[in-house]
Amino acid sequence: MVTQIAQLTINGLLLGSIYALNAMGLTLIFGVMEIINFAHGEFLMLAMYAAFFVNIWMGIDPYLSVLLVAPTFFIVGVAFQRLLIQPLMNAQEIAQIFATVGLAMVLQNGALFLLSADYQIVRTDYSLESFDVFGVYLSYTRVFAAAAVILVVACLHLFMKETYLGRAIRATAQDRQAAWLMGVNVKRVYLVTTGLGLACVGISGSVLSPVFAVFPTVGNQFGLIAFVVVVLGGMGNLAGAFFGGLIIGLVEAYSGFFLDPALKTVVYFVVFVLILLVRPTGLFGTTARETA
Amino acid sequence: MRRSNLWVAVLVAVLCLPLSQPSMAKDALKIGVIYPMSGPLAYTGQECMRGAQIARDMINEAGGVKGQKVEFVVGDEVSPKDAMAEAERLITIEKVPVIAGGYSSSNAFAASDVCEKHKTVFWVTTGVGDPITSRGYKYIFQLNTRASQWGGTTADFLGKVAAPKLGIAPKDFKLALIHEDSLFGTIIGDNCVARAKELGLQVVERITYSHKTVDLSSEIAKLKASAADGIVSIHYVNDGNLFYGQAKQLRLNAKVLVGSVFFGLDQFQEKFGKLVDYVCVVDPPTRVEASKIKEPAASVLTEFRRRFRDNYKSDPGDPGFTAFCGIYVLLKNVLPEAKSFDSDSIQEAALKLDLDELTTPFVFGVQFDKPPSKTAGANLKAFPVIMQWQDEKLLVVYPETLASAPAKLPMPTWDERKK
């Protein structure tokens, strides 16, 4: 029984860190710009395809492909901000929502058309392997995903605290007007933030490509849960998204085993609603502006 | 001003000319075809379409149907709602006399209401859900085996072949099920449990999950805790991939595993290599050796497999196979017998159809239950088989009459496989 509980906890934490990793880019962009990127899942899908193609064309391991995919997605993010978001910064929210929802549809259906619906699988020697710690099995790929999310959170935290650009991003998140008056180049901050947000998606896509099959609608599977994690953690809060992901993962693992797997989603939404009832701004919501 | 208007009118007329030309040529015979071309089931939907296209091409190359070439008007069945809208469009706007296709049972079920309302034949090639033909409808025909049969055949195989081979008495044989929670998985699950109980097997666990899930670790933990001898696992493609990968990582062992859909596709072998061995699959008779059936069906089947492999670099799985066979029977055995190409004549010809076992590329025969029976339109002669991966090849192992090899059991544990 002890091994079983330990295994469930590990399963939950590893799954939760995948959720957290996916939520990073979304929460970063929201925290600074208050724009909800509904195309988040589709960008993740593109990042997974990018890692897949880098793997089959150049024979580069999906984990090393991060070095190519993340910078590429930084550029994609800058373009996304410059061409789609910036013109809508002062528009009504409804216009912003439809712009990103529309982009999501274009990306998903474009992928279906160009890449076909085939499931693509990145084959590596280690993607099916796991190791054993006192009878508890840990899959290498999921452990790597957990390490990646911890690294991403730590780096972003340091960047926000210790660099001028990071401080400028936080200032802009707190009060765009005041930051501008203090001489912060707000437009540049937005470009960098969206770039960083999508670079996180790029990292996520590379790290997840040996774990999951890649197909044009894969974004749907991760999109919804990323939103849940972001709202649960307090919109725009990195640490919140991290712990939000872990909580959802653990709730899924325990409820799936002790109650009924068919109720997993129900249970985590109940937990989600309960937490929001007690803390309407999410777990770390009140300090969102501070730590974004 | 007026003159320029005239020029515009002439220009428009000239540009429109090519559009009106096809109707001047001898009309092609248009039939509606719906499969999921986008959305989460698009992969299998596209495989269906490949099978359907090969059937159409083979018929057209042999002169078409009564001298008319066959053309497809394609609809996309992403969800039940879309399936209904697409069926409505094909019938009322494209005016097709018959709609063939239907991969997802839930979607085909939804579309069947629309077809029956418009008195248009719905020729369901692939969907296996029993409810599709359970309401005494007159225009709905279901060619493939029914999900209830998959569940029953699986339990029969476990009780009559696997348990004795493993030296376990049926009453001591512990069976656990895991299946996705749509119509497809649920019906197979229900019937497998019912038949297993008739055979006296112990059903120790039954787990349902959504095929859109990204994690099956708690499901696998539950299966491990059940310590079952046999596991029946009914998945679509992506969730099947997830299940088998996590089963390996978390060391879920069983003496026999019977799966479906993904486990019967070449992709399963491409992903897992040697690890596919010993896995059993319940499916329509997709891999029966052509030499076991009669001519000309044997040559048709061989030609289909050759074209599929040449074009798509893999062997057809259940979706491509059933779509091919279903469309081929429609174009070869039904439409040529219809007095005219209206829905009532086609329905009449379909009801008269009586093809024996081993005389169709399906391997099984085709004869429909007739109204006023509640299951009118169900194929009375369809049956599934059990196949098993042996040396990375999928071989029929049950029933014995069609088997290429006996079943190899028990399945080794993950740690034994390593050695």
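In this text, all values refer to a predicted model and were calculated from it rather than measured experimentally. Reckoned from all heavy atoms, side chains included, excluding hydrogens, waters and symmetry mates. Note on naming: letters A, B, ... go to the chains in the order of the sequence lines (proteins, then strands), and numbering restarts at 1 for each one.
- Neither the backbone nor the side chain of A:Leu208 comes within contact range of chain B, judged by heavy atoms closer than 4.5 Å.
- For residues 43-51 of chain B, the interface with chain A (any heavy-atom pair closer than 4.5 Å) comprises B:Tyr43, B:Gln46, B:Arg50, sorted by residue number.
- Partner A:Ser130 forms a side chain to side chain donor-acceptor pair (under 3.5 Å) with one of B:Arg251, B:Lys248, B:Gln249 and no other, that one being B:Arg251.
- Although no hydrogens or angles enter the test, the distance criterion places no donor-acceptor pair under 3.5 Å between the side chain of A:Glu42 and the main chain of A:Leu103.
- Judged purely by atom type and a 3.5 angstrom limit, B:Asn191 uses its side chain to pair as donor or acceptor with the backbone of B:Ile187.
- The backbone N or O of A:Ile60 lies less than 3.5 Å from a partner atom in the side chain of A:Asn55, making a donor-acceptor pair.
- Both the backbone and the side chain of A:Tyr119 come within less than 4.5 Å of a heavy atom of chain B.
- In terms of heavy-atom pairs under 4.5 Å with chain A, the best-connected choice from B:Pro36, B:Gly245, B:Ser38 is B:Ser38.
- Taking 4.5 Å as the heavy-atom cut-off, the residues of residues 212-224 of chain B that approach chain A are B:Lys212, B:Thr213, B:Val214, B:Asp215, B:Ser217, B:Ser218, B:Glu219, B:Ala221, B:Lys222, B:Lys224, ordered by number.
- For a residue to count as touching a neighbouring chain, one of its non-hydrogen atoms must lie under 4.5 Å from one of that chain's; by this rule B:Leu242 touches chain A with the side chain only.
- Under the 4.5 Å side-chain criterion, counting only non-hydrogen atoms from C-beta, B:Asp239 is in contact with B:Tyr236.
- Contacts with chain A were tallied for B:Ile178, B:Asp181, B:Asn241; B:Asn241 has the most, counting heavy-atom pairs under 4.5 Å.
- Put simply, of A:Lys264, A:Gln108, A:Gln7, the one with the most heavy-atom pairs under 4.5 Å next to chain B is A:Lys264.
- The CD1 atom of B:Ile327 lies 8.0 Å from the OG1 atom of B:Thr126; values are rounded to the nearest 0.5 Å.
- Under the 6.0 Å cut-off for aromatic ring centres, A:Tyr126 and A:Tyr63 qualify, their centroids lying closer than that.
- Residues A:Phe53 and A:Met48 are not in side-chain contact: their nearest non-hydrogen atoms beyond the backbone lie 4.5 Å or more apart.
- Formation of a donor-acceptor pair under 3.5 Å by the B:Arg309 side chain with backbone atoms of B:Pro316 is not found in this model.
- A:Thr124 contributes a side-chain N or O that, together with a main-chain N or O of A:Ser127, makes up a donor-acceptor pair within less than 3.5 Å.
- Only the side chain of A:Leu8 comes within contact range of chain B, with at least one heavy atom under 4.5 Å from a heavy atom of that chain.
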